[in-house]
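What follows is one structure encoded as structure tokens, with my remarks underneath.
Computed from heavy atoms alone, side chains included, the values below leave out hydrogens, waters and symmetry copies.
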Amino acid sequence: QVQLVESGGGLVQAGGSLRLSCAASGRTFSSYAMAWFRQAPGKERELVAALSRGGSRYSADFARGRFSISRDNAKNTVYLQMNGLNPEDTAVYYCAASISTYYSRALKDYDYWGQGTQVTVSS
């Protein structure tokens, strides 16, 4: 069992930056593939970025060049650095973990989810 707790969300002006953190419980954090998803009001949850156990990364088109996912296995934490934020990035951001070693783009392949952290970008 893995528990995920996100933090770092908040209100930021357009063009600003935020770094989200996701702290995981358990001693096997390094064996999981990790990802960040987001869900805006009235929209489906979508993948933002993912990171496999071996370090392979994926970023959605809208995130590429602005957002960066990373992990610190010693701290059992995964991060999402977000730069150049715009109002379209407003959403609840969720951390997710998969027991697979490689990341997936599908929500159904993630076994554990955090409660989410709100990111609001004002214009």
Side-chain angles (χ1 to χ4, degrees):
Q1 188 72 16
V2 174
Q3 290 186 325
L4 304 173
V5 179
E6 301 98 333
S7 62
L11 174 63
V12 63
Q13 289 187 333
S17 299
L18 284 175
R19 188 176 80 156
L20 306 183
S21 299
C22 173
S25 64
R27 293 178 290 179
T28 58
F29 171 78
S30 62
S31 67
Y32 292 99
M34 302 297 297
W36 286 95
F37 288 80
R38 72 182 187 183
Q39 188 166 18
K43 295 188 177 181
E44 295 185 348
R45 193 170 298 189
E46 61 180 350
L47 178 63
V48 177
L51 183 59
S52 70
R53 184 178 72 177
S56 297
R57 287 177 170 81
Y58 169 83
S59 293
D61 287 345
F62 63 81
R64 208 159 292 144
R66 299 189 301 134
F67 297 177
S68 177
I69 187 171
S70 62
R71 68 193 298 165
D72 185 336
N73 289 334
K75 295 183 178 180
N76 279 14
T77 301
V78 63
Y79 303 98
L80 183 68
Q81 178 67 45
M82 303 188 294
N83 301 322
L85 287 162
N86 59 61
E88 291 70 37
D89 296 315
T90 295
V92 178
Y93 285 71
Y94 296 91
C95 174
S98 170
I99 61 175
S100 298
T101 58
Y102 203 77
Y103 65 76
S104 169
R105 302 182 190 184
L107 277 74
K108 66 179 180 61
D109 292 331
Y110 288 85
D111 304 284
Y112 305 101
W113 292 84
Q115 82 289 349
T117 185
Q118 176 71 46
V119 171
T120 303
V121 184
S122 63
S123 57

Requested in this report: Output the distance between atom CG (L85) and atom OG1 (T120), rounded to the nearest 0.5 Å.
Outcome: 10.5 Å

Report task. For residues N86 and R66, determine if any side-chain heavy atom of one lies less than 4.5 Å from a side-chain heavy atom of the other. Result -> yes

Report task. Please report the closest heavy-atom contact between L107 and W113, naming both atoms and the distance. Result -> O-CZ2, 3.7 Å

Report task. Spell out, as yes or no, whether a donor-acceptor pair under 3.5 Å connects the side chain of R57 to the backbone of I69. Result -> yes

Query - Beyond-backbone contact of T90 with Q118, side-chain heavy atoms, under 4.5 angstrom - result: yes

**Report entry** Separation of R38 CZ from R45 CZ (nearest 0.5 Å)
**Finding:** 13.0 Å

Query raised in the report: Looking at V78 and W36, what are the two nearest heavy atoms and their distance?
Result: O-CZ2, 3.7 Å

Query raised in the report: Closest approach of G16 and V12, non-hydrogen atoms and distance?
Result: CA-CG2, 3.8 Å

**Report entry** Verify same cluster id: F67, L51 (apolar side-chain graph, 4.5 Å)
**Finding:** yes

Query raised in the report: Do M34 and V48 sit in the same hydrophobic cluster, where Ile, Leu, Val, Met, Phe, Trp and Tyr count as joined when their side-chain heavy atoms come under 4.5 Å apart?
Result: yes

Query - Pi-cation contact, Y79 with R19 (under 6.0 Å, within 45°) - result: yes

Query raised in the report: Do M82 and V119 have side-chain heavy atoms sitting under 4.5 Å apart?
Result: yes

Query raised in the report: Is the closest side-chain heavy-atom distance between E88 and F62 below 4.5 Å?
Result: no

Query raised in the report: Is it the case that R71 places NZ or CZ above or below the six-membered ring of Y32, under 6.0 angstrom from the centre and within 45 degrees of the axis?
Result: no

Requested in this report: Might you confirm whether atom CD1 of I99 has over 12 heavy atoms from other residues, nucleotides or ligands at distances under 6.0 Å?
Outcome: no

**Report entry** Side chain T117, main chain S7, donor-acceptor under 3.5 Å
**Finding:** no

Query - Any side-chain heavy-atom pair of F29 and V2 under 4.5 Å - result: no

**Report entry** Under 3.5 Å donor-acceptor, Y103 side chain and S98 backbone
**Finding:** no

Query - Flag, side chain of E6 to backbone of Q115, donor-acceptor distance under 3.5 Å - result: yes

Query raised in the report: Taking all non-hydrogen atoms of both residues, which atom of L47 and which atom of A60 are closest, and how far apart?
Result: O-CB, 3.5 Å

Report summary line: For S17 and N83, the nearest pair of non-hydrogen atoms, with its separation, is OG-OD1, 2.9 Å

Report task. Report yes if some heavy atom in the side chain of V92 is under 4.5 Å from a heavy atom in the side chain of F37; otherwise report no. Result -> no

Query raised in the report: At what distance, to the nearest 0.5 angstrom, does OG1 of T28 lie from CG of N73?
Result: 10.5 Å

Report summary line: Smallest heavy-atom separation, Y110 atom then S104 atom, equals OH-O, 2.6 Å

Query raised in the report: How far does SG of C22 sit from CG of N76, to the nearest 0.5 angstrom?
Result: 10.0 Å

Query raised in the report: Under 3.5 Å, is there a donor-acceptor pair between the side chain of R64 and the main chain of S59?
Result: yes

